[in-house]
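Quick notes on the structure that follows.
Predicted, not measured: the structure shown is a model, and the values here were computed from it.
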Amino acid sequence: MKLLTLAALTCALVAPLAGTASAETATYPIKSSKLTANPLYKAGPLPTTVCEEPPVKRNDRKLARAYLDAVISCLETTWGQHLVNAGLPYKPVKVRHVNRIPKNHCGFEPTKDDSQAWYCERNGTLFFQLGDGWLDDPSDLWLFETAASMYAFHVQQLAGIYPAYDALKSGKKAEGYEQERRLSLQAECFAGAYVKSVWPMENRKSSDWNYFLRILQGDQAGDKPTYGKSATIRAWIKRGFATGDPGSCNTWAAPSSQVR
């Protein structure tokens, strides 16, 4: 069984996470209300819609790119409606498919991974670099959830979450890493909520979703702790999927133990 490491970057039905912010003290508490009490959290569950998956084939980059474009279109329909209903601004995301992620563009620092996805908050653009890692078995929901989690960074930008995160100050390196994890884990939770809004999907079973959860990995030994542990990422994705509500994805008010 292959294992996929998260490479979705910015300048992956169960009970919700146990514990509350009031029961534990966060090591590095977030005080910005734009993060902890954003209007998006009160807008309710995402609207139920249908998203049809185009065909994909192993090692077919053209079909995989068309697949991502189709999923992004579904995401636009759902999130656009939800943001407007929440009284928040909405603007379509831009998508660029590239053979190599442009170095230094929008502050990008691409890794050596053959497959990567980046979001540029300066111009609202998603960049996708599809290599063998993501094309070897493109029917496993990895591309679907990757599109959903990457689009979530755009949602964070539109809702004012990303700008508020960008304005945060950190006194220690560990605090800065925890802030990055809160941002990334929220994006994964938003993605889980989106999947729930279109689930069940045609020709998909719960085993497909469970398999996706098993193959993803978080921070590995020697990595900067910017995504969270595999179990932590899965917990937040499951939390979003369980509720279908972005309001359950408030990583900014969660205790530090839930964003490690």
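- Under the 4.5 Å side-chain contact rule for hydrophobic residues, Met150 and Ile215 share a cluster.
- Checked by atom type and distance alone, the side chain of Gln186 never pairs as donor or acceptor with a backbone atom of Trp252 at under 3.5 Å.
- Side chain of Thr36 to backbone of Ser32: a donor-acceptor contact under 3.5 angstrom is found.
- Of all the heavy atoms in Pro45 and Thr243, the pair that sits closest is CB-O, 4.4 Å.
- Using a 4.5 Å heavy-atom threshold, the side chains of Arg100 and Pro110 count as separate.
- One side chain, Thr78 or Thr49, offers a donor N or O that lies under 3.5 Å from an acceptor on the other.
- Taking the six-membered ring for Trp and thresholds of 30 and 60 degrees, Trp79 and Phe190 have ring planes inclined between 30 and 60 degrees apart.
- Of all heavy-atom pairs spanning Lys94 and Asn123, the tightest one is CD-O, 3.7 Å.
- Under the 6.0 Å cut-off for aromatic ring centres, Trp134 and Phe128 do not qualify, their centroids lying 6.0 Å or more apart.
- Side-chain N or O atoms of Tyr177 include none that pairs as donor or acceptor with a backbone N or O of Lys172 at under 3.5 Å.
- Checked by atom type and distance alone, the side chain of Gln129 pairs as donor or acceptor with a backbone atom of Ile101 at under 3.5 Å.
- There is no path of hydrophobic side-chain contacts, each under 4.5 Å, that joins Leu130 to Leu63.
- Under the ring-ring contact (aromatic ring centres under 6.0 Å, His included) test applied with Phe127, the options Tyr119, Phe153, Phe108, Trp118 reduce to a single match, Phe108.
- The main-chain N or O of Trp199 is never found under 3.5 Å from a side-chain atom of Arg204 such that the two would form a donor-acceptor pair.
- The distance from atom NZ of Lys31 to atom CG of Leu168, rounded to the nearest 0.5 Å, is 11.5 Å.
- Centroid-to-centroid, the aromatic rings of Phe212 and Phe144 stay 6.0 Å apart or farther.
- Counting all heavy atoms, side chain and backbone alike, Thr226 lies closest to Asp219 at N-OD2, 3.3 Å.
- The line from CD of Gln156 to OG of Ser184 is 8.5 Å long, rounded to the nearest 0.5 Å.
- For the atom pair CG of Asp140 and CG of Asp208, the computed distance is 9.0 Å after rounding to the nearest 0.5 Å.
- Once rounded to the nearest 0.5 Å, the distance linking CG of Leu126 with NE2 of His154 reads 8.0 Å.
- In this model, no donor atom of one side chain and acceptor atom of the other lie less than 3.5 Å apart for Gln179 and Tyr165.
- At least one donor-acceptor pair closer than 3.5 Å links the side chain of Ser115 to the backbone N or O of Gly131.
- Judged by distance alone, the side chain of Thr232 and the main-chain N or O of Arg260 form a donor-acceptor pair under 3.5 Å.
- Taking all atoms of both residues into account, the shortest heavy-atom contact from Pro47 to Gln81 is CB-NE2, 3.7 Å.
- Between Ala66 and Pro54, the closest heavy-atom pair is O-CG, 4.4 Å.
- With hydrogens and angles disregarded, a donor-acceptor distance shorter than 3.5 Å links the side chain of Arg234 to the backbone of Leu216.
- Side chain to side chain, Asn250 and Ser248 fail the donor-acceptor criterion of an N or O pair below 3.5 Å.
- Among all heavy-atom pairs drawn from Lys34 and Gly160, the shortest one is CB-O, 4.5 Å.
- By the 4.5 Å heavy-atom criterion applied to side chains, Asp69 and His97 are counted as neighbours.
- Proximity of a side-chain donor or acceptor of Arg182 to a complementary backbone N or O of Thr251 within less than 3.5 Å is detected.
- A heavy-atom distance below 4.5 Å is found between the side chains of Ile72 and Leu75.
- Residues Tyr211 and Tyr67 fall within the same hydrophobic cluster, defined by Ile, Leu, Val, Met, Phe, Trp and Tyr side chains chained together at heavy-atom separations under 4.5 Å.
- With hydrogens and angles disregarded, no donor-acceptor distance shorter than 3.5 Å links the side chain of Glu145 to the backbone of Leu143.
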Given Leu158 and Leu88, is the side-chain contact (heavy atoms from CB on, under 4.5 Å) satisfied, shown in steps?
CA-CA 7 Å; Leu158 294 173; Leu88 292 166; over 6 Å; no

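- Between Pro246 and His82, some side-chain heavy-atom pair lies under the 4.5 Å cut-off.
- Atom-to-atom distance recorded for Asp132:CG and Arg58:CZ is 11.0 Å, nearest 0.5 angstrom.
- The shortest side-chain heavy-atom distance between Thr125 and Val95 does not fall under the 4.5 Å cut-off.
- Contact check for Lys224 versus Glu180: no side-chain heavy atoms found under the 4.5 Å cut-off.
- Looking only at atom types and distance, the side chain of Glu76 has a donor-acceptor partner in the side chain of Tyr90 under 3.5 Å away.
- Taking OG from Ser230 and CZ from Arg214, the interatomic distance works out to 14.0 Å, rounded to the nearest 0.5 Å.
- Side-chain contact check for Leu35 versus Ile161: some heavy-atom pair is nearer than 4.5 Å.
- Taken together through direct or relayed side-chain contacts under 4.5 Å among Ile, Leu, Val, Met, Phe, Trp and Tyr, Trp142 and Val195 form part of one hydrophobic cluster.
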